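Remember, it's 1-based here, ligands and their atoms both numbered in the order they're listed. Note that this is a predicted model, so its numbers are computed, not measured.
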Amino acid sequence: MADRRAVVIGGGITGTLTGCALLRAGWEVTLIEALHIGAGSSSRTAAGIRQQFSTRESVLGMRYSVDFYKHWQQSMGQDGQPIEQNGYLFLVQGEDAWKAAQKRVSDQQNWGLTEVQALSPQQTVERFSYVDPEEITGATWCPSDGFLRPDVVYSEAAAAFRALGGTLLQGSPLVQAERAGERLISITTGKGAVLNADVFLDCTNAWSRRVGDILGAAHLPIQALKRYLWFIERGDSMSEAELLNMPLIISPQGAYCRPENAGSLMTGWKHQAPDVSANFAYDDQDIIEPAYFHKNDADSRPFETWMALAQALPPVGEFAGISATTAGFYGTTPDHNPFLDFDPQTKNLIRMVGFSGHGAMFGPFSAQVGLALAEAGESIDHVRVLGEDAELAPFKINRDFGAAEAMVI
Ligand SMILES: Cc1cc2nc3c(=O)[nH]c(=O)nc-3n(C[C@H](O)[C@H](O)[C@H](O)COP(=O)(O)OP(=O)(O)OC[C@H]3O[C@@H](n4cnc5c(N)ncnc54)[C@H](O)[C@@H]3O)c2cc1C
């Protein structure tokens, strides 16, 4: 079917999954990627996937994403296993925070996440013997949450994209665009390919500000903020099996960890960072500032993170040492919800960007929204997933940012 042509810009989890959704619906799709598939945040992510959010729309959307990743073979026709459902455990300290957490659990249950629970300190330590019950007022626990294997997601999505007949152009950055009034006519890549389409989709997340400028699109408030991961080697204080079964755990202060493999714990903790959305280079993703490098002083952020985790999880304090640091960018909006909507000044451009710390988990839901928008040809108010309507108000570009997502990592 050649009368509905789409060009997807950006070959991360969002772009590859959205490209596949469009192809399955009969669109002719070309995907352009500046470097190679997964070169952006999608290969630098902790890739946690949780349904514990503070709005009905994100809870429903992430219930859909979990279901999609769980049924990957049916969804994508690929053999990999992209999701480990070890659960998410939010540790909570203080009476006010505990009251708010219990209210969120009750809301999430009402929104269909029936398996989420509020646990007392005693119930928490009965399930997770490595948690210090003296350090928490309670915990929220959802066993169907977990984490993804992001390389499986984007590489198998790219394979499915090719198998479905999509055209994938790597090493092909967007460099120029031709417009006629409020419509995009064509875009040009760095290799000189000129691509015409009925609909264009911006899936460049942290790069969206500059990509938007090239496209003549609206300036969206998305900050590119550096984020790090550190890997701590397991010691004798925890068995291989215990580490492998560990959920993604968030300490009361916000430091988080999850198993990378039987010998290594992945950790992270957000920090103040300057917005570099106007001018970072691709290679800047790999630059590690001294205060964030694990071979530096014991008062650096990796050690603070380790100590914050050790306070709530004493056996982690006995681990053998930090072995590696990796880095990438969040593309962050003022309310930590992404933009999934038509561009306000370009009638045939869909923006799917600004995922903050949740673009890997949003992938399947984003792809459903992107497809629904492309099919409608205009901004829409809801999308149907799991037999329910997900309202798209929290993801509209012209929203007022008043209702920020409360569960941000
Ligand atoms: C340390 C860290 C931890 C994270 N933890 C989590 C987590 O636990 N769970 C979660 O869900 N998310 C997490 N995230 C966020 C998540 O990784 C991102 O939101 C997600 O990967 C975004 O995917 P994307 O496909 O939208 O963007 P990207 O993967 O960044 O892809 C965008 C692509 O666009 C390409 N591009 C840029 N400019 C151009 C151009 N001019 N022309 C063509 N292509 C271009 C880039 O090369 C890139 O490949 C984390 C991120 C980081 C950095």
Asp341, Asp335, Asp381 screened by salt bridge (charged side-chain N to carboxylate O under 4.0 Å, His left out) with Lys396, the one that passes: Asp381

Provide the number and element of each atom of ligand 1 under 4.0 Å from a heavy atom of Ile13. 25 (O)

Could you give me the CA-CA distance, side-chain angles and deciding distance for Tyr282 and Trp207, then say whether ring-ring contact (aromatic ring centres under 6.0 Å, His included) is met? CA-CA 10 Å; Tyr282 296 113; Trp207 284 266; 5.7 Å; yes

Would you kindly specify which portion of Ser356 sits under 4.0 Å from ligand 1, judged on non-hydrogen atoms: side chain, backbone, both or neither? backbone

Which atom pair, heavy atoms only, marks the closest approach of Pro247 to Gly87? CB-O, 3.2 Å

Is any NZ, NE, NH1 or NH2 atom of the basic residue among Arg4 and Asp198 found under 4.0 Å from an Asp or Glu carboxylate oxygen of the other? no

Looking only at protein heavy atoms, which one is nearest to atom 1 (C) of ligand 1, and how far off is it? Arg44 O, 3.5 Å

Considering only heavy atoms, does Leu174 approach ligand 1 within less than 4.0 Å through its side chain, its backbone, both, or neither? both

Is ligand 1 less than 4.0 angstrom away from at least one heavy atom of Ser366? no

Heavy-atom pair of closest approach, residues Val152 and Gly80: CG1-CA, 4.1 Å

Considering only protein heavy atoms, which is closest to atom 14 (N) of ligand 1, and at what distance to one decimal place? Thr45 OG1, 3.2 Å

Compare Ser65, Gly268, Ala46, Ala34 and give the one whose heavy atom is closest to atom 45 (C) of ligand 1. Ala34

Distance to 0.1 Å, residue and atom name: give those for the protein heavy atom nearest to atom 8 (O) of ligand 1. Gly48 N, 2.8 Å

Among all protein non-hydrogen atoms, which one is nearest to atom 32 (C) of ligand 1, and what is the separation to 0.1 Å? Cys203 O, 3.5 Å

Taking 4.0 Å as the limit for heavy-atom contacts, which would you say applies to Leu229 with ligand 1: side chain only, backbone only, both, or neither? side chain

Only one of Tyr292, Phe329, Phe293, Trp269 passes ring-ring contact (aromatic ring centres under 6.0 Å, His included) with Tyr228, and that residue is Tyr292

So is Ala47 in contact with ligand 1, going by heavy-atom distances below 4.0 Å? yes

Arg104 and Thr140: side chain to side chain donor-acceptor pair (under 3.5 Å), yes or no, with the steps? CA-CA 9 Å; Arg104 277 199 299 271; Thr140 72; over 6 Å; no

Looking only at heavy atoms, is any part of Ile214 under 4.0 Å from ligand 1, and if so is it the side chain, the backbone, or both, or is it neither? neither

What I'd like to find out is whether the side chain of Phe128 reaches to under 4.5 Å of the side chain of Leu313, using heavy atoms alone. no

What protein heavy atom is closest to atom 22 (C) of ligand 1, reported as residue, atom name and distance in Å? Asn205 ND2, 3.8 Å

At a 4.0 Å threshold, what atoms of ligand 1 neighbour a non-hydrogen atom of Gly12? 25 (O), 29 (O), 31 (O)

Quick one: does Asp275's side chain have a donor or acceptor within less than 3.5 Å of a partner on Ala224's backbone? yes

Going by atom types only, do Ser54 and Glu405 share a side-chain donor-acceptor pair under 3.5 Å? yes

Using a 6.0 Å distance limit plus a 45 degree cone around the ring axis, check whether Arg399 lies over the aromatic ring of Phe395. no

Checking heavy-atom distances from atom 24 (P) of ligand 1 to each of Ile9, Thr14, Leu225, the winner is Thr14

Tell me the protein heavy atom at minimum distance from atom 53 (C) of ligand 1, and give that distance in Å. Gly328 C, 3.6 Å

Write down the atom of Phe231, the atom of Ser264, and the distance for their closest heavy-atom approach. CB-OG, 3.7 Å

Return the minimal non-hydrogen interatomic distance between Pro364 and Tyr64, and the atom names on each side. O-CE2, 3.5 Å

I'd like to know if Glu84 and Arg258 make a salt bridge, using a cut-off of under 4.0 Å between side-chain N and carboxylate O. no

Return yes or no for this condition: an N or O of Pro173 is under 3.5 Å from an N or O of ligand 1. no

Just need the protein heavy atom nearest to atom 35 (C) of ligand 1, so name the residue and atom and give the distance. Glu33 OE1, 3.2 Å

Nitrogen or oxygen of Ser42 less than 3.5 angstrom from that of ligand 1: yes

Using a heavy-atom cut-off of under 4.0 Å, does the side chain or the backbone of Tyr282 touch ligand 1, or both, or neither? side chain

Evaluate Phe329 for polar contact with ligand 1, using N/O atom pairs at a separation under 3.5 Å. no

Going by heavy atoms in the side chains, are Val211 and Val353 under 4.5 Å from each other? no

Quick one: do Arg63 and Asp67 make a salt bridge, cutoff under 4.0 Å? no

Residue-level breakdown please: for Ala206 versus ligand 1, do any non-hydrogen atoms fall below 4.0 Å on the side chain, on the backbone, on both, or on neither? neither

Between ligand 1 and Tyr154, can you find any atom pair, the residue atom being a heavy atom, that is separated by under 4.0 Å? no

Quick test of your reading of the structure: of Tyr256, Tyr330, Tyr88, whose heavy atom lies closest to atom 51 (C) of ligand 1? Tyr330

Give me the atom names and distance for the closest heavy-atom approach of Gly254 to Ile409. O-CG2, 4.4 Å

Mind checking whether Gly38 has an N or O less than 3.5 Å away from an N or O of ligand 1? no

So for ligand 1, is Gly40 a polar contact partner (N or O within less than 3.5 Å, distance only)? yes

Non-hydrogen atoms of Gly357 versus ligand 1: any pair closer than 4.0 Å? yes

Nearest protein heavy-atom contact for atom 28 (P) of ligand 1: which residue, which atom, what distance? Ser41 N, 3.7 Å

List ligand 1 atoms under 4.0 Å from Phe355, heavy atoms only on the residue side. 19 (O), 26 (O)

